[in-house]
Structure formats: structure tokens, C-alpha cells
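Inspection log for the structure reproduced underneath, given as C-alpha cells.
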Protein chains: 2
Amino acid sequence: MNSSSIADSIRTRLGDFSSGERRVARALLASYPTAGLETVRLLAERAGVSAPTVLRFANRLGFANYPEFQRSLLEELAERDQSPLNAYSSGVGEEARGRLDPEHLGRSAAATLSEAVEETLTGIPRYELDAAVRLLSDTDRRVVACGGRFSRVLAEYLVLHLMQVRGRSTVLPDSPVERADLLSDAGRRDVFVILDFRRYEEEHLRLAEGVAEREAKVVLLTDRWLSPVSGVADVVLPAQVGSLSAYDSLVPTMAVCEALVAGVIHTLGDGAEERLRRFEETSRRFGLL
Amino acid sequence: MNSSSIADSIRTRLGDFSSGERRVARALLASYPTAGLETVRLLAERAGVSAPTVLRFANRLGFANYPEFQRSLLEELAERDQSPLNAYSSGVGEEARGRLDPEHLGRSAAATLSEAVEETLTGIPRYELDAAVRLLSDTDRRVVACGGRFSRVLAEYLVLHLMQVRGRSTVLPDSPVERADLLSDAGRRDVFVILDFRRYEEEHLRLAEGVAEREAKVVLLTDRWLSPVSGVADVVLPAQVGSLSAYDSLVPTMAVCEALVAGVIHTLGDGAEERLRRFEETSRRFGLL
DNA sequence: TCGTTCTCGGAACATCTGTTACAGCATCGT
DNA sequence: ACGATGCTGTAACAGATGTTCCGAGAACGA
């Protein structure tokens, strides 16, 4: 959706603008093109600058008048509405995947990561997603999530969501005592969400084997080479790792997490809404906002 | 409520209009909505009527002013641009939510999220990305990151990476004392990475204003409605929020984080590699793996 | 045919728009 | 440290905009 010449022109030449003009550019790009179709004063307010700065911005773009600038915006809009297929005119998808071109950091990242997200989510078998959602939607079960170096933050992210829509969800504590306490009660009423990416952590495998033995359910989020935990897991959700640098990307995995949350919310329906309301009310009452 | 309420309203009530007003309506529908965003006189010419007729047309639609009519048109346009996928589900929010059953969960999530990632990364001006990378690659500066309810985990994620490739990076501590300690030293040698999404947190604005006053640099990661922090930020990186449920997605923002890290690694080159080697060695030596 | 009603456009009006000039301010280089 | 340069906001300006009023004309029914 970037065949629009004006927006592109702004993005390219943003460095030449002054800081005030840059604010205008940002405000315009943030809600394009409508912000540019309002009056000068409104756009100025939106950007937090004065009216003349907006005019200087238009001048710098090469327009003599503000009306002329608006006319260009309108023409562009009219063309776009006429031929909606032109959106794909600038083939971004054909760029090399996985390799980072520093000149076009944004573009190559866009191509690599969006493709990884798409492949991941379409690549996961329906049954697996379904099963994972069913387990996470079972409010009789407690949910415990854990991850490694980086994936730990996604465990937290998932739990933060689940806390709000269903409750009874925690991340596996760090401290040995707390951890032992939690695992002592582990049983068939629990589902463990384990995020394990290479280099796979042996600790995760021990954990998974242990709780599986006690008939707890295990959901595994991993990369496409499949952590050894997959041997004991009830559900396996593999993700692509389309990486931009030495590090693998966790973006597709985060997408899976959000899809899971969306599925849980849908399954729980009114239950989730009620829980959420209660959650918010409690937050307000205790001043936790 | 179909794709565009105003256009529909016109089509339905076309019979109530006078013949002159009808010509205006046709001209407007012929090139919708751009024709309505021009001046009264231009629309009048386009329709072959006089200016007052156009105003009567707007009045008949229930608008007190012509500007008010244009404002509605703009709002409608903004909404439509905001969620290009919702054009199909025709804005029935509840039904759209209901369509997210596990059967289509994977597909719709794939489409929504990968598109959001792509739009986000191609939509961010190169200048902003470069500026952010430049700031984060300056090892003379300390990096401090902070976020809100959910985005906090991304602040952690970013810092985890930066710790390994450049060091001198922390998340803003939770405890008031530690926080005060850190902020006491804040100055031109620092860059604050603030993640602020709606509902925007006033605390972030205060923080940003405070550190900006002391000449620290501020990098803002926000949604497309731009947190108020954007007023004082040196770099603004907006992201799409293509959401699957009641929650906005943070997947695109995570993609931005990874792109930033990739940029920093590239900029630092051998310096990053050496740092990483040292980091690994230290981890092994102290048994921190 | 006449009179009523509705519709429409011309012209004057008030407002708000975009615009410009100017002065204060920060930033940078010397 | 101190001018020079560039950037920004305030205030005043001219023009265009949307708006209103009023009279001319058309449509319709009696």
C-alpha cells in the first residue's frame, strides 16, 4: 500500500526536514492521507506545531500552496480508489529473504518477517491450534508458562493476556523454592506452556518429562527443528525463525501467542468479557492502573 | 451499516432530493469521497449546479455545515483506511469476532498479522529507523527502556538483545528508589526507549519530558495514533495494531525491535561480535548458562 | 389561466482560511 | 565566548470560503 508517491516522498526525504517539519510529517503519515486534507490549523494542532510550520513543510515538499498540496493528495486518493489492485505495484515480496540489506533495513525486514509470520500461522496444523486453544480455555486448569533466555518474555506476554481473560495463569518462578512449591502441586489439572528454542535448554526437557509424568498437559512452542520437548508434549506449535541477524526471530512465535489468546477469547466468549470487566474493576479499585 | 454510511445514506434517500441536489449526489457518488472533499464551488461545477444547491444538499443529509459534512467524510475515510481487511466483514464488529473460530483462526491471523508487520516496517520512514539505530549504536550512551502493561515485555526483549551486543542497557526499574537513582543520573549521555500504546500512560509522558529536559534522547515506539510522548521524542516509530481480538497486536512492534537490533549489529560490526563473544565467555565462566 | 409552492442561482456578507513579515530562540562553527 | 545561521511561533494581512438573503423561474393543481 505504498504506491502513493507523496507518502513515499515524505519517507525518503524525511531527513532533510527540520524537526518541526518532521513532526508534521509524522502526524501526516500516522493517519494518511486524511490528516493532510484537514485545514492547516488542525494539522498543526495534530502535530503540535504552529500553522506556518505546516506551510513550510508543504513548501519543502515542492508545493507552492497548501491547496496545491491538498489537491495532489486528493488526486492520489482518487487514483487509488479507482484501481485498488495497484496496491501491489511495488513488489516487495521479491526481495532477498533472510539477508539484511542495511540500505533498506525496513524493506528487507518487512519482507522477511511478514513472510515468516504468514508461513508460521498457515503452517501450523489446524488440529494443533485447536487443541492448544481448548486446553488454554479450560478454566479448571491452571496455566504455567516458561521460556528460555529470550522466549521468557513471550511466556510473560502470554500469561499477561491469560490473566486478564481467564485467570489462574502464571509464569514459572525464578527462585528455586517457589518453583519447587509450584511443581509440587503439578498434576492433571495443569497445562504447561513451554517455549523452547535452540539451543534447547535441558532444563525444559526435565521439566516437561516431570510434569507429563504427573499427567499435566504440555503445550510446546518451538522452532521448526523441534525441541526435544516435542517428544513428551501434547501439542506442538512450531514457528519459522526468519532471522535478520545472528539471532532468530521471535516475531512469528509472538504471532502464535496472540492467535492463541484470540482463540481463547472466542471460546470463552462472555466468560472472558466478564472476567476482563472484573479485572479492570479490581485494578481501578486497588489503584493498580 | 455498510462499507460507507454516508454513501449508503445518499443512495437510500436519493428520492427525497430535488433534481439539483440529485445531480450533486450523483457527482459525489461518481467519485467518492474525493469530490466531497473539494470546495463547495468545485463540487458545484462538477455537478453543474450552483454553490447554494450543494449546501442545501449537505443540509438535507442532516449536516448543519458544509465543513461538518466534510469532517464526517474524512472520519469515514480514516476508519476505512485504518482497517483494510474490515472492508470485507463490513464493520459488524461482533460478527467479525465470531468469525474467528479455530477453523479459520490460523488463516485470518496469518493474513492480519503478516500484513500488519509488512505495513509497519515499510511504513516507517528510513530516516527514523536510521536515527534510532544510530542512537542505539552509540556505545557512549546508556540505553534505558520502559513500557506499559504489555509493551513492557518488549522493552525487556529489546534490552536483552542490546545487553549482548553493546552492553550498558537496562529496563527502567520498578522500585521507586532504583528508578529515582537511575533518573538522577539521566542526561545527554542517555537514550530512553519508551514504548507507549493506548491507553497512553501519563507516567511515560512525564518521564519523557523530564529526561528530554536534561537533554537525553528519546526514542518512542507507539501505535499509529501517536502517544503524546511523540511531542518530545527525537525519533518516533509507529506501528500498526492489526488486532485479532479486543487486544491490539504487539507483533509489528516486536518486528520493529528486531529490526533495530539487526541495524545495531550491522552498525557495530566487529564490535558487536567481540562483545557477544565476551558475553558468552563470561556466562560460561560464571556458570550462568 | 391563475396562484401557490417548490426550486434554483446571483450577489452581498461574515468568517475563517492560507499566507507573509518579523522577532525571539537555539544551534553550530569559529 | 561570540557572531552567524537556521528554525520556530506570534501577529497582522489579504483572499477565498461557506453562508445567507432575495428574487426569478419552473412545476403543479385548481
Side-chain angles (χ1 to χ4, degrees), chain A residues 10 13-28 33-74, chain B residues 13-28 33-74 127 131 134-135 187-189 209 211-218 230-236:
Chain A
I10 293 175
R13 301 166 48 190
L14 193 67
D16 304 335
F17 296 168
S18 74
S19 95
E21 292 162 1
R22 222 169 293 151
R23 280 204 217 168
V24 179
R26 286 167 187 153
L28 174 56
T34 48
L37 296 173
E38 300 171 340
T39 68
V40 170
R41 179 148 75 192
L42 285 182
L43 179 52
E45 283 178 14
R46 201 190 271 260
V49 298
S50 70
T53 300
V54 172
L55 297 182
R56 283 187 277 261
F57 162 79
N59 285 340
R60 175 113 27 174
L61 276 177
F63 297 101
N65 294 336
Y66 194 74
E68 184 183 318
F69 163 70
Q70 287 188 319
R71 229 174 298 140
S72 287
L73 235 39
L74 275 179
Chain B
R13 302 166 49 188
L14 196 65
D16 304 334
F17 296 165
S18 74
S19 92
E21 292 162 0
R22 221 169 295 156
R23 296 175 79 177
V24 178
R26 284 175 190 138
L28 175 56
T34 49
L37 296 173
E38 299 170 341
T39 68
V40 171
R41 183 187 305 185
L42 284 180
L43 179 52
E45 284 177 14
R46 200 190 272 262
V49 298
S50 72
T53 301
V54 171
L55 296 183
R56 283 187 278 264
F57 162 79
N59 285 338
R60 175 104 39 165
L61 277 177
F63 298 100
N65 298 338
Y66 194 73
E68 183 183 317
F69 163 70
Q70 286 187 318
R71 229 174 300 139
S72 288
L73 234 39
L74 275 179
Y127 169 83
R134 208 178 313 124
L135 284 174
R188 90 177 54 186
R189 290 258 146 134
E209 287 175 339
V211 299
E213 214 166 288
R214 302 198 194 174
E215 300 182 283
K217 296 293 181 180
V218 174
S230 63
V232 297
D234 298 279
V235 181
V236 179

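Residue numbers begin at 1 in each chain, while the letters A, B, ... track the order of the sequences.
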Would you list the protein and nucleotides 22-25 of chain C atom pairs, both N or O, that sit under 3.5 Å from each other?
none

Under 4.0 angstrom between S18(B) side-chain N/O and dC6(C) OP1 or OP2: no
Expressed in angstrom and rounded to an integer, what is the separation of E38(B) atom CD from dG18(D) atom P? 11 Å
Which atoms form the tightest heavy-atom contact between F17(B) and R22(B), and what is the distance? O-NH2, 2.7 Å
Do R23(A) side-chain atoms and G231(B) backbone N/O form a donor-acceptor pair below 3.5 Å? yes
Y66(B) OH to dC16(C) C1', straight-line distance once rounded to whole Å: 16 Å
Between E38(A) and R71(B), is there a salt bridge with N-O shorter than 4.0 Å? no
Start with the C-alpha distance between R56(B) and E21(B), add both sets of side-chain angles, then the distance that settles salt bridge (charged side-chain N to carboxylate O under 4.0 Å, His left out), and finish with yes or no. CA-CA 7 Å; R56(B) 283 187 278 264; E21(B) 292 162 0; 5.1 Å; no
Please state how far atom CD in Q70(B) lies from atom P in dT19(D), giving the value in whole angstrom units. 9 Å
Give a yes/no on whether any side-chain N or O of N65(B) is located under 4.0 angstrom from OP1 or OP2 of dG18(D). no
L135(B) and K217(B): which non-hydrogen atoms are nearest, and at how many Å? CD2-CG, 3.7 Å
Whole-Å distance separating the CG atom of N59(A) from the P atom of dA21(C): 12 Å
Donor-acceptor pair, side chain of E68(A) and main chain of F63(A), under 3.5 angstrom: no
Any residue of residues 39-55 of chain B with a heavy atom less than 4.0 Å from an atom of DNA chain D: T39(B), V40(B), R41(B), P52(B), L55(B)
From CG of L37(B) over to C1' of dT17(D), roughly how many Å is that when rounded to an integer? 16 Å
